[in-house]
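For reference, the structure discussed in these notes is given below.
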Amino acid sequence: MDLNRLSVNTATLGEVPIKEAVDLLARAQVPAIGPWRHDLGPVGATGAARLIRDAGLQVSGLCRGGFFTKDQYGNRGDNHRAVDEALEIGAKCLVVVSGGLLQGSKSLPFSHEAIRNGLALLLDYARPLGMPIAIEPLHPMYAADRCAINTLGHALELCDGLGPGIGVAIDAYHLWWDRNLAQDIEKAGKQQLITAYHVCDWLVPTQHLLLDRGLMGEGVIDLKNLSQMVGGAGYSGFVEVEIFSERLWSKPPERIVQEVMDAFTFYV
Ligand code: ZN
């Protein structure tokens with residue numbers, strides 16, 4: 001993949017202050033950053049927006065909003081703040097993760113219903129402000145506590161009927177195993193719903209369900225093929241490298257950026 005499509009998610013760099021992350025990426029001529037809200041740190045969205053703008057970086061997306069099953073109001077206050085922050089830093093979208101089962105419930109259907117309602121409420125706020133919402137389905141191992149939307153097909157069903165301003169974030173790590181992925185990517189492309197694309201790799205064996213993701217090329221995901229499908233479906237935006245890895249974080253941040261750029265060039 002051409003480096004002018006590269007965005008680096010702040011989680012990939014470990015515990016690096018936003019100013020340092022922005023400086024690092026700008027020095028390496030990485031064109032875009034994908035920050036987590038908690039990584040905006042003490043400078044907040046306003047301070048981070050200035051740093052990012054001054055460095056000439058673009059923002060592929062802000063991670064993240066959602067968790068609609070957290071309370072009966074669809075986590076409204078926090079989600080509105082997330083939209084405001086995404087606008088302030090000039091993000092191309094706000095990435096949302098749905099939340100798992102409703103508090104105290106064992107019902108997946110009720111939880112899915114609450115998620116749809118929460119999304120509709122969020123869209124009422126985000127749409128007039130012009131901030132696209134990208135639903136990111138996560139691997140089913142997170143269904144109980146983080147995200148009860150686990151396939152691209154389910155995310156597309158949610159988009160159906162919610163009107164404009166919503167799309168999907170395709171994350172290789174979470175979706176690579178799904179036998180319907182190719183047809184769902186094609187479907188998403190036809191409806192122009194692909195809003196973000198995240199990459200890393202699935203290691204065998206995986207030592208930890210959150211913190212042992214691989215650099216592209218280190219694992220079993222056929223990323224080149226996936227990128228071709230996503231590109232073939234019409235997505236030409238940034239490709240965000242999002243790697244939670246204690247192994248990677250033990251390296252100096254400059255080294256991480258270099259390894260990400262090399263892996264991006266050869267394996268994505
Ligand atoms: Zn992701």
Side-chain angles (χ1 to χ4, degrees), residues 1 5-14 21 30 32-40 58-68 82 85-86 89 91-100 115 119 132-143 145-156 158-159 166-178 181 184-185 188 193-203 206 208-216 218-219 221 223 226-227 229-230 233 235 237-245 248-249 256 260 263-264 267-268:
M1 183 74 72
R5 300 274 306 277
L6 173 63
S7 174
V8 176
N9 184 290
T10 52
T12 305
L13 302 172
V30 172
I33 187 168
W36 277 73
R37 291 171 68 199
H38 59 76
D39 285 335
L40 298 178
Q58 297 195 63
V59 180
S60 50
L62 179 65
C63 288
R64 68 190 175 188
F67 287 85
F68 303 110
E85 289 167 18
I89 65 166
K92 300 208 177 291
C93 64
L94 172 66
V95 175
V96 302
V97 159
S98 69
I115 288 164
L119 266 171
I133 302 296
I135 311 172
E136 180 170 354
L138 300 192
H139 191 281
M141 66 187 170
Y142 297 121
D145 57 345
R146 284 173 205 263
C147 186
I149 308 300
N150 309 107
T151 60
L152 183 57
H154 196 169
L156 293 175
L158 280 172
C159 292
I166 192 156
V168 292
I170 294 175
D171 188 313
Y173 189 78
H174 294 295
L175 301 177
W176 70 275
W177 55 272
D178 182 355
L181 188 58
D184 287 336
I185 287 174
L193 292 174
I194 305 177
T195 307
Y197 176 38
H198 299 171
V199 294
C200 69
D201 216 336
W202 185 282
L203 298 176
T206 287
H208 188 284
L209 294 184
L210 182 64
L211 304 177
D212 191 32
R213 300 185 187 184
L215 198 61
M216 299 80 73
E218 288 182 332
I221 305 178
L223 285 164
L226 183 59
S227 295
M229 289 195 275
V230 173
Y235 180 75
F238 286 114
V239 180
E240 190 173 315
V241 176
E242 183 189 31
I243 310 173
F244 294 83
S245 163
L248 201 61
W249 296 335
I256 298 176
V260 163
F264 191 81
Y267 298 109
V268 179

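For ligands, and for the atoms within them, numbers begin at 1 and follow the listed sequence. FYI, side chains are in, hydrogens and waters are out, and symmetry mates aren't considered; it's all heavy atoms of this structure. Start at 1 with the first residue, then count along the sequence.
- Counting just the N/O/S atoms of D171, the one with the shortest distance to the Zn ion (ligand 1) is named OD2.
- W176 and W202 have tilted rings, their planes meeting at an angle from 30° to 60° on a 0 to 90° scale.
- Residues V199 and L223 approach most closely at CG1-CD2, 4.0 Å, considering heavy atoms.
- No side-chain donor-acceptor contact under 3.5 Å links H139 to the backbone of H174.
- When distances from the Zn ion (ligand 1) to the N, O or S atoms of H198 are compared, ND1 comes out shortest.
- Centred on the Zn ion (ligand 1), the OE2 atom of E136 and the OE1 atom of E242 lie at an angle of 150°, reported to 10°.
- Partner of M229 under the side chain to side chain contact (heavy atoms under 4.5 Å, CB included) criterion, out of I185, I170, D184: I185 alone.
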